[in-house]
Student: 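Take a look at the following structure, please.
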2 protein chains.
Amino acid sequence: MPDEQRTKAGEAVTALILDVFRLNGRLQLAGDRLVSELGLTSARWQILGAIAYSDRPESVACHARTMGVHRQGIQRIVNELKREGIVELQPNPHHKRAHLVVLTQKGQELYEAAIARQIPWVNELSEGLSPDDIATAQNVVDRLKARLEEASMRQDQSSPPEGSMN
Amino acid sequence: MPDEQRTKAGEAVTALILDVFRLNGRLQLAGDRLVSELGLTSARWQILGAIAYSDRPESVACHARTMGVHRQGIQRIVNELKREGIVELQPNPHHKRAHLVVLTQKGQELYEAAIARQIPWVNELSEGLSPDDIATAQNVVDRLKARLEEASMRQDQSSPPEGSMN
DNA sequence: ATTTTATTGACAACATATTGTCAATTGAAT
DNA sequence: ATTCAATTGACAATATGTTGTCAATAAAAT
């Protein structure tokens, strides 16, 4: 199989990927606008969301893995949020270094304020779209994501030393 | 309408957005790996693609608009690519400052080498996915993107001075 | 023709993301 | 128990993206 041409699905996924890049940019921009008055940004908001949604407190590295990004970026922002009293670190009974990140009262309120702005925004954005189509889109996106995660895992295992996410 | 709760579609789109963020991260990572040996990155590759795909040479600002990002980021990378002989700037008969960006021979070859790596990669990634589902996904993503662009336009028009993309 | 507005490249400051390294700690292997 | 690989936070360097400003140019308005 010389792989000189894209398959039909390959063609369609290539087009989808380009649109995902552009949509991501637009979402980032819209998110920044949506929460800028709260002193938040898209990046901070996403991290608050990860902390708020996790069933129990987790370490920075664990959140990074779940979000599919590098530890260092999360660490930097969590350190800032800590200085601003939005999150705090709890001792981890199972690990001396890997402290657990939790929202402070202030962080909770901030996150709820962000949600209060997101709800009418997303309701308007999604108005008139078919729930079935949205579900199909999510399914495709999720499957692509899962495949890339697998492939990423495989590559990481084969060659380099050093831990989870570098 | 108090907008205290998300509609069904709003709920589904919120979930889709979170997946788009994660997929974008994975794609960026995979893209970096795919072309790193060529001395490229995802960002550079995307810009080369925009230049290669445009029907005729366009200015930096025009490419930025098409890609939905800020002029300055494109400008910085285009300047680097120019220094490396991957792109060059042609005089624009219609505008003294807004030079037109084109690929050099080296840039052409580089972009083709990137495509040669992307084809087997995307063929494998999309294997077994329903073309209909992919098309539906692309349609949803595209419509969300279009709505955000509209909304962004509306906001930009209302208040600030300064040109297209700031 | 003159004035006003919009576009554009340049520059700078900052936010975010990626990559590599290090030492402390943990857990598995022996 | 000792050794060794993996995980984790810290730090630094670099790449990328965002925001604001400026002067030059172009296009529109008058």
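Residue numbering restarts at 1 for every chain, and letters A, B, ... go by the order of the sequence lines.
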Student: Does anything in residues 101-125 of chain A form a side-chain hydrogen bond (donor to acceptor under 3.5 Å, both in side chains)? List the pairs, not counting sequence neighbours.
Tutor: Glu37(A)-Arg117(A), Gln105(A)-Glu109(A), Gln118(A)-Arg6(B), Gln118(A)-Thr14(B), Asn123(A)-Thr7(B)
Student: Is it the case that Asp32(B) and Ser42(B) place a side-chain donor and acceptor less than 3.5 Å from each other?
Tutor: yes
Student: Roughly, in whole Å, what's the span from NZ in Lys82(A) to P in dG9(D)?
Tutor: 11 Å
Student: Do the side-chain N or O atoms of Gln75(A) get closer than 4.0 angstrom to the phosphate oxygens (OP1, OP2) of dA10(D)?
Tutor: yes
Student: So do the side chains of Glu58(B) and Ile51(B) get within less than 4.5 Å of each other, counting heavy atoms only?
Tutor: no
Student: Check nucleotides 15-18 of chain D for protein N or O atoms closer than 3.5 Å to its own N or O atoms and list the pairs.
Tutor:
unit_1	atom_1	unit_2	atom_2	d
dT16(D)	OP1	Thr41(B)	OG1	2.4

Student: Would you say the side chain of Arg65(B) lies within less than 4.5 Å of the side chain of His70(B), judging by non-hydrogen atoms?
Tutor: no
Student: Looking at Val35(B), Ile47(B), Leu34(B), which one forms a side chain to side chain contact (heavy atoms under 4.5 Å, CB included) with Leu40(B)?
Tutor: Val35(B)
Student: Can you find a heavy atom in the side chain of Val87(B) that is under 4.5 Å from one in the side chain of Val102(B)?
Tutor: no
Student: Can you tell me the distance, in whole Å, between the CG atom of Asn92(B) and the P atom of dT7(C)?
Tutor: 16 Å
Student: I'd like to check the side chain to side chain donor-acceptor pair (under 3.5 Å) partners of Gln138(B); sequence neighbours left out, ordered by chain and number.
Tutor: Asp19(A)
Student: Looking only at non-hydrogen atoms, find the nearest pair between Pro93(B) and Pro91(B) and report the distance.
Tutor: CD-O, 3.6 Å
Student: Could you check how far CG of Leu89(A) sits from C1' of dA10(D), rounded to whole Å?
Tutor: 13 Å
Student: Measure CG/Asn79(A) against C1'/dA15(C) and give the value in whole Å, please.
Tutor: 15 Å
Student: Can you pull out every side-chain hydrogen bond (donor to acceptor under 3.5 Å, both in side chains) where at least one residue sits in residues 90-103 of chain A? Sequence neighbours excluded, please.
Tutor: none
Student: Determine to 10° how strongly the helix from dA1(C)-dT30(D) to dT30(C)-dA1(D) is bent, judged from the axes of its five-pair ends.
Tutor: 30°
Student: In whole angstrom, what separates Trp45(A)'s CH2 from dT16(C)'s P?
Tutor: 14 Å
Student: So that I can tick it off, tell me whether Arg26(B) and Glu149(A) are bridged by a salt bridge, with the cut-off set at under 4.0 angstrom between side-chain N and carboxylate O.
Tutor: yes
Student: Measure the shortest side-chain to side-chain distance between Thr41(B) and Ile77(B) over non-hydrogen atoms and say whether it is less than 4.5 angstrom.
Tutor: no
Student: List, with names and distances, any nitrogen or oxygen atoms from the protein found under 3.5 Å away from nitrogen or oxygen atoms belonging to nucleotides 26-28 of chain C.
Tutor:
unit_1	atom_1	unit_2	atom_2	d
dT26(C)	OP1	Lys96(A)	N	2.9

Student: Within this structure, what is the CZ-to-P distance between Arg71(B) and dC22(D), rounded to whole angstrom?
Tutor: 14 Å
Student: Grab the CG-P distance between Leu81(A) and dG9(D) for me, whole Å please.
Tutor: 15 Å
